[in-house]
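The structure displayed is predicted, hence computed values, not measured ones.
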Amino acid sequence: MTDRVCLITGGAGGIGRAIVERMLRAGRQVVFTYVSREAEARDLEATLGDRVEAVPCDLRQPGAAEALVKDVAAKAGRLDEIVCNAAGVAEGPDGGVTEAHRDMIEVNLTAPIAMMDAARAVLPRGGAIVNISSLNAIRPPVGAAVYTATKAGLDGATAAFARELGPLGIRVNAVAPGLIERVEKPRPQEIIDMVLEETPLGRIGRPEDIAGAVAFLLSEEASFITGQVLTVAGGYRL
């Protein structure tokens with residue numbers, strides 16, 4: 001039987017890399033995208049072997065998301081799963097919406113919508129999509145209005161496409177991470193301490209925590225789950 005093929009956007013580092021590695025362990029053939037992190041992407045591709053392929057894709061560009069889905073399905077001969085992980089972050093809008101905010105909207109919201117829409121033509125019955133949302137969508141911080149709006153919109157789109165694609169046998173869910181540790185640009189300790197005070201499990205998240213949730217939602221064990229946003233935040237602000 002041909003391996004299931006999983007497409008992951010933004011897979012060169014952080015949460016994306018953890019998802020790539022986790023889905024490879026789950027037996028998938030993995031295709032992941034990158035934009036500016038070519039060195040990391042090629043290193044990951046070389047490290048993980050011939051079941052992983054890195055492809056450049058700038059989701060800010062019109063038509064890029066739809067073309068990505070169609071091209072991966074055509075080249076691999078099938079496409080079974082999609083993880084929309086690529087995202088941009090820009091502070092504000094203090095003083096107005098900038099070009100960076102518009103790019104963020106394209107990557108965080110427009111591209112996943114386009115990919116979910118394109119998926120109906122290529123994913124088989126039993127296919128699944130997972131969007132990476134954010135706890136910000138329901139607990140917005142100050143200074144991140146546009147980012148928050150993109151993630152809240154993604155939650156809404158997740159539910160809408162779950163209804164649209166459900167009759168085709170395609171499930172659509174999302175994972176909403178809380179504060180996740182990162183190697184690059186470590187978070188200020190005062191931010192970590194503030195979050196820990198309101199987190200019952202007493203730690204911040206790891207990229208592997210998100211990857212595990214994604215793997216579950218893509219698996220057969222979640223075959224009767226769709227339209228849900230799974231919060232992975234250690235109980236933050238329960």
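Comment: E53 engages K75 in a salt bridge, judged by a side-chain N to carboxylate O separation of less than 4.0 angstrom. A salt bridge links E198 and R237; the closest N-O separation between the charged side-chain nitrogens and carboxylate oxygens is under 4.0 Å. Look at R102 and E99 and you find no salt bridge, because none of the NZ, NE, NH1 or NH2 atoms lies under 4.0 Å from a carboxylate O.
Closest approach of A174 to L217, counting heavy atoms only: O-CD1, 3.9 Å. Across every non-hydrogen atom of I15 and P177, the tightest pair is CD1-CG, 4.4 Å. In plain terms, the two heavy atoms of A12 and E40 that are nearest each other are O-CB, 3.8 Å. Scanning all heavy atoms of the two residues, the minimum distance from Y236 to T199 falls at CD1-OG1, 3.5 Å. Taking all atoms of both residues into account, the shortest heavy-atom contact from A86 to G10 is CB-N, 3.8 Å.
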Check: Going through the checks in order, is the side chain to side chain contact (heavy atoms under 4.5 Å, CB included) test met by E66 and D117?
Finding: CA-CA 8 Å; E66 300 94 320; D117 190 49; over 6 Å; no
Note to self: As a quick check of understanding, evaluate side chain to side chain contact (heavy atoms under 4.5 Å, CB included) for R206 and D209, giving each step before the final call.
What the structure shows: CA-CA 5 Å; R206 298 182 293 261; D209 295 321; 3.6 Å; yes
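Summarising the geometry, atom CG belonging to L165 is positioned 8.5 Å from atom CG belonging to L123; distances are rounded to the nearest 0.5 Å. Taking CG of L154 as the start and CD1 of I113 as the end, the distance is 7.5 Å to the nearest 0.5 Å. Separating the CG atom in L68 from the CE atom in M115 is a distance of 5.0 Å, to the nearest 0.5 Å. Between D80 atom CG and I170 atom CD1 the span is 10.0 Å, to the nearest 0.5 Å.
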